[in-house]
Amino acid sequence: MQLKDQVALITGGGSGLGRAIAERFVEEGARVAILDRSQERIDEVVGALGDNVIGVAGDVREMADHKRAVAECVRAFGKLDTLVGNAGVWDYNQTLAGMADDAVSPAFDEMFSINVRGYLLAAKAALPELYKSRGNAIFTVSNAGFYPGGGGVLYTATKHAVVGMIKQLAHEWGPYIRVNGVAPGGIGGSNLAGLSALSQDGHRFSDIPFDELMPRLVPLEKAFYTQDYAGGYVFFANRRDNGPATGVVLNFDGGIGMRGFASPNMGAELAEKFGEF
C-alpha cells in the first residue's frame, strides 16, 4: 500500500472529489481526517470507512475551524503527513458582462474566500505539523488554472491564484515540506456548489449532462469521475515515489489543453448587451 502509516487531512472531504480522495487514501493504507461543512456528510463517510477516518464540521473560511481539524487529526492519529486543500465552489461559467453591478464584489469575496483563502488558512494551520513530519501539501486546482472556458472569470481567477500560491509555498517551505497541485478536468460525481451571491445555491455540478458533454470536449473522448482523479493525489502524497516533486501542478484533465474548449465567440454576449458598432 502506497500510503501505509501516513495521515492526511482533506478539506471538503465529505462528498464528491474530496470523499473519493479519502476513500482512495484509506485503500492505500492511510488514516484520514476530513473537514467539511456538513455533519451529515461527515457521518456518512465515517460510517463507510470506519476507524480509519475522523471528521470535523467547520467552515474553510475560518482559521479556528482549520486549527481544530488539525488538532483533532493529531489527537486521533498522532501526526499529519499530508494536507489536501480541496473544498471549493464554482461560478457556473458566469461572465463578467452577465453579472449585475452590485453582485460583482460580493461574488468575488465569496469565491476567493473559499477557493483561495480557504487553502491559505488550511496551509497556515497545518504548517507546524507538516514541518514536524517533513510532509507535503496538495491543492486541487482545475483545468481553469491554465485555460479559459473551465469556469467564469471569478472561478478562473481563483484557480490561477492557487497555481501561484502552490509555487510560492513550495519556494517558502522547501526543503522541509513539498507543495504540489492536481488540476482535474470535468468531474463526474462532483458536488461543486454555486455562489450564494449569484443566486446559485440550488445549482449542482451533478446536474450537468456530464456523460453526453465530456466525450465531445476532451481528446480521450471519455467522461471521468471522482474516483478516476484520486490517484493523482496518491502520487503526490507517496513519499517513496514522489520525493523530487515540489511546486508542480499535474494537468490531469483528459487532455483539455490539447484541444481547447469548442466555445462560441464569447464576445457575442457584449454585442447583445451593448449593441453592434
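What you see is a predicted model; the values in this text were computed from it and never measured.
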- When you measure from the side chain of Q6 to the backbone N and O of D81, does any donor-acceptor pair fall under 3.5 Å? no
- Message: Test your reading of the model: is there a side-chain donor-acceptor pair from H66 to the backbone of Y119, 3.5 Å cut-off?
- Response: no
- Is there a salt bridge (Lys or Arg N to Asp or Glu O under 4.0 Å) between E23 and R19 once you walk through the steps? CA-CA 6 Å; E23 291 171 344; R19 177 168 180 168; 3.0 Å; yes
- Query: More than 12 foreign heavy atoms under 6.0 Å from NZ of K79: is that the case here?
  - Reply: yes
- Query: Would you find a donor on one side and an acceptor on the other, under 3.5 Å apart, between the side chain of R117 and the backbone of R61?
  - Reply: yes
- Query: Do L121 and L127 belong together in a cluster built from hydrophobic side chains that touch within less than 4.5 Å?
  - Reply: no
- Shared hydrophobic cluster for I177 and F139 (ILVMFWY, side-chain gaps under 4.5 Å): yes
- Quick one: does T246's side chain have a donor or acceptor within less than 3.5 Å of a partner on A170's backbone? no
- Task: Give the cluster check for V32 versus V234: same hydrophobic cluster or not, with ILVMFWY residues linked at side-chain heavy-atom distances below 4.5 Å.
- Result: yes
- Message: Looking only at the side chains, is there a donor atom on one of Y233 and T140 sitting less than 3.5 Å from an acceptor on the other?
- Response: yes
- Note on the structure: Nearest heavy-atom approach of W90 to G150 is NE1-O, 3.1 Å
- Item | Hydrophobic cluster identity match, W173 and M165, side-chain contacts under 4.5 Å | yes
- Would you call E44 and R41 a salt bridge, using N to O less than 4.0 angstrom? no
- How close do V89 and L195 get, heavy atom to heavy atom, and via which atoms? CG2-CD2, 3.7 Å
- Does R75 count as lying over the ring of F77, i.e. NZ or CZ under 6.0 Å from the six-ring centre, within 45 degrees of the axis? no
- Side-chain donor/acceptor of T158 to backbone N/O of Y155, under 3.5 Å: yes
- Taking every heavy atom of N86 against every heavy atom of T11, the minimum-distance pair comes out as N-OG1, 2.8 Å
- Query: Considering residues, nucleotides and ligands other than R37, do more than 12 of their heavy atoms fall under 6.0 Å from its CZ?
  - Reply: no
- Begin with the C-alpha distance, continue with both residues' side-chain angles, and end with the deciding distance and a verdict on side-chain contact (heavy atoms from CB on, under 4.5 Å) for M99 and V153. CA-CA 11 Å; M99 265 187 271; V153 64; 4.1 Å; yes
